[in-house]
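Below: one structure, written as structure tokens.
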Amino acid sequence: MALFAQDKNLALELVRATEAAVMASGRKFGGGNKNEVDRAAVEAMRYMLHGVAMKGVIVIGEGEKDEAPMLYNGEPVGSGDGPEMDIAVDPIDGTRLMANGQGGAIAVIAAAERGAMFSPQDLFYLDKIVTGPEAADAIDIQAPIKYNVNIVAKAKGKSIQDTTVVMLDRPRNEKLRDEVRKLGARIRLIGDGDVLGALMTCLPGHEKADLLLGSGGSPEAVITACAIKCLGGAMQCRPYFRNAEDEEKARARGLTRETVLTLDDLVKGDNVCFAATGGSDGDLLKGVSYHGTHIETHSLCMRGKTGTIRYINAIHSQKKLSEMGSSIDYSPNVREI
């Protein structure tokens, strides 16, 4: 069965779930408790996903069933009618950012036909390289950093000094950061959320970087792959092992340090969609904002088959949301001070 009916784009339905996640969790912004941010986002997203006409299974979720009470790996979602789908979620990519009152947090959902998504299982981290369409056929994660920075710069008609590399600011990426600096390229370090970092390389009108490099989470890699499929960019990954135990578990699956996971390995085909809503103000999306009688959200949704990119700015009535009788609490806890 086709993932998307000709007259219906399920990416638009999934945006309702990302909107709900940020509206419910946004009131925790700056509160210092990332677990509360995550809980509110998970509960809201889960509720909305069950109203989508699909037979979905969470492939990338909050963890295993015993560790994550909601949106765990293997959990069925959707109304039970419609196409069979793999679902990857990050109710808030950047819970620490949201809890600390910082920008760049987003709620994300990606979907593909059943069996299309790579399952990270015990593979927690991947080395990643992402770029836009101009250099999509040229990058090589097994090649030296110098080669990849040079080839992307050449494809984009830039000098090395005008080429920007984005990467997570993590100790495991320090050696890579130093190599890029020696080349003379610009570096954009991000604290969290390399899904947004990857989008910076190829989202039309928002290309704030030319190349993403470095080690990041493997669940985020699968979500990112769905977005890159929609944008016509390129992505390659390679297992990153923290210790011998990681390596042993990967080898049991036939994965070694030399294994290259292409975009098609991470998500098969182009029958994919991607939806994101800003939780806090970032480079690509404004965060959720509250205006007494209404809530404002800013979202992005994309569809792989058509390559369509939509930006959705929505005004939500707090009164009407409350009257709908859902289990999501969008109301503020008003108290005197």
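Between Arg46 and Glu75, at least one side-chain N (NZ, or NE/NH1/NH2) sits under 4.0 Å from a carboxylate O, which counts as a salt bridge. Classification of Lys156 and Asp210 as a salt-bridged pair holds, one side-chain N sitting under 4.0 Å from a carboxylate O. Using a cutoff of 4.0 Å between basic side-chain nitrogens and carboxylate oxygens, Arg39 and Glu43 are scored as salt-bridged.
A donor-acceptor pair is defined here as one N or O able to donate and one able to accept, closer than 3.5 Å; no such pair exists between the side chain of Asp127 and the backbone of Cys237. At least one donor-acceptor pair closer than 3.5 Å links the side chain of Asn148 to the backbone N or O of Asp140. The backbone N or O of Asp169 sits nowhere less than 3.5 Å from a side-chain atom of Asn173 that would complete a donor-acceptor pair.
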Residue pair Asp246, Asp122: steps toward the side-chain contact (heavy atoms from CB on, under 4.5 Å) verdict: CA-CA 7 Å; Asp246 278 0; Asp122 293 320; over 6 Å; no
Evaluate Arg170 against Asp192 for salt bridge (Lys or Arg N to Asp or Glu O under 4.0 Å), listing each step before the verdict. CA-CA 9 Å; Arg170 296 288 187 274; Asp192 288 285; 3.0 Å; yes
Apply side chain to side chain donor-acceptor pair (under 3.5 Å) to the pair Ser215 and Arg172, showing each step before the final yes or no. CA-CA 7 Å; Ser215 170; Arg172 60 180 180 269; 3.0 Å; yes
Side chain to side chain donor-acceptor pair (under 3.5 Å) assessment of Thr297 paired with His316: CA-CA 8 Å; Thr297 58; His316 311 264; 2.8 Å; yes
Walk me through whether Asp81 and Lys55 qualify under salt bridge (Lys or Arg N to Asp or Glu O under 4.0 Å). CA-CA 6 Å; Asp81 300 315; Lys55 300 173 185 174; over 6 Å; no
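Atom CD of Glu248 has 12 or fewer heavy atoms from other residues, nucleotides or ligands within 6.0 Å. More than 12 heavy atoms of other residues, nucleotides or ligands shown are found within 6.0 angstrom of CG on Asn243.
Under a hydrophobic clustering in which Ile, Leu, Val, Met, Phe, Trp and Tyr are joined whenever their side-chain heavy atoms come within less than 4.5 Å, directly or via other members, Val59 and Leu266 fall into the same cluster.
Applying the ring-ring contact (aromatic ring centres under 6.0 Å, His included) rule to pairs touching residues 210-252 yields nothing, sequence neighbours excluded.
The side chain to side chain contact (heavy atoms under 4.5 Å, CB included) test applied to Cys202 returns Pro133, Ile228, Leu231, not counting sequence neighbours.
Once rounded to the nearest 0.5 Å, the distance linking CZ of Arg188 with CE of Met200 reads 4.5 Å. Between the CD atom of Glu245 and the NZ atom of Lys249 there is a distance of 4.0 Å, given to the nearest 0.5 Å. With values rounded to the nearest 0.5 angstrom, Glu220 atom CD is found 5.5 Å from Lys128 atom NZ.
Each of Asn271, Asp264, Asp270 was scored for a side-chain hydrogen bond (donor to acceptor under 3.5 Å, both in side chains) with Lys229, with one residue passing: Asp264.
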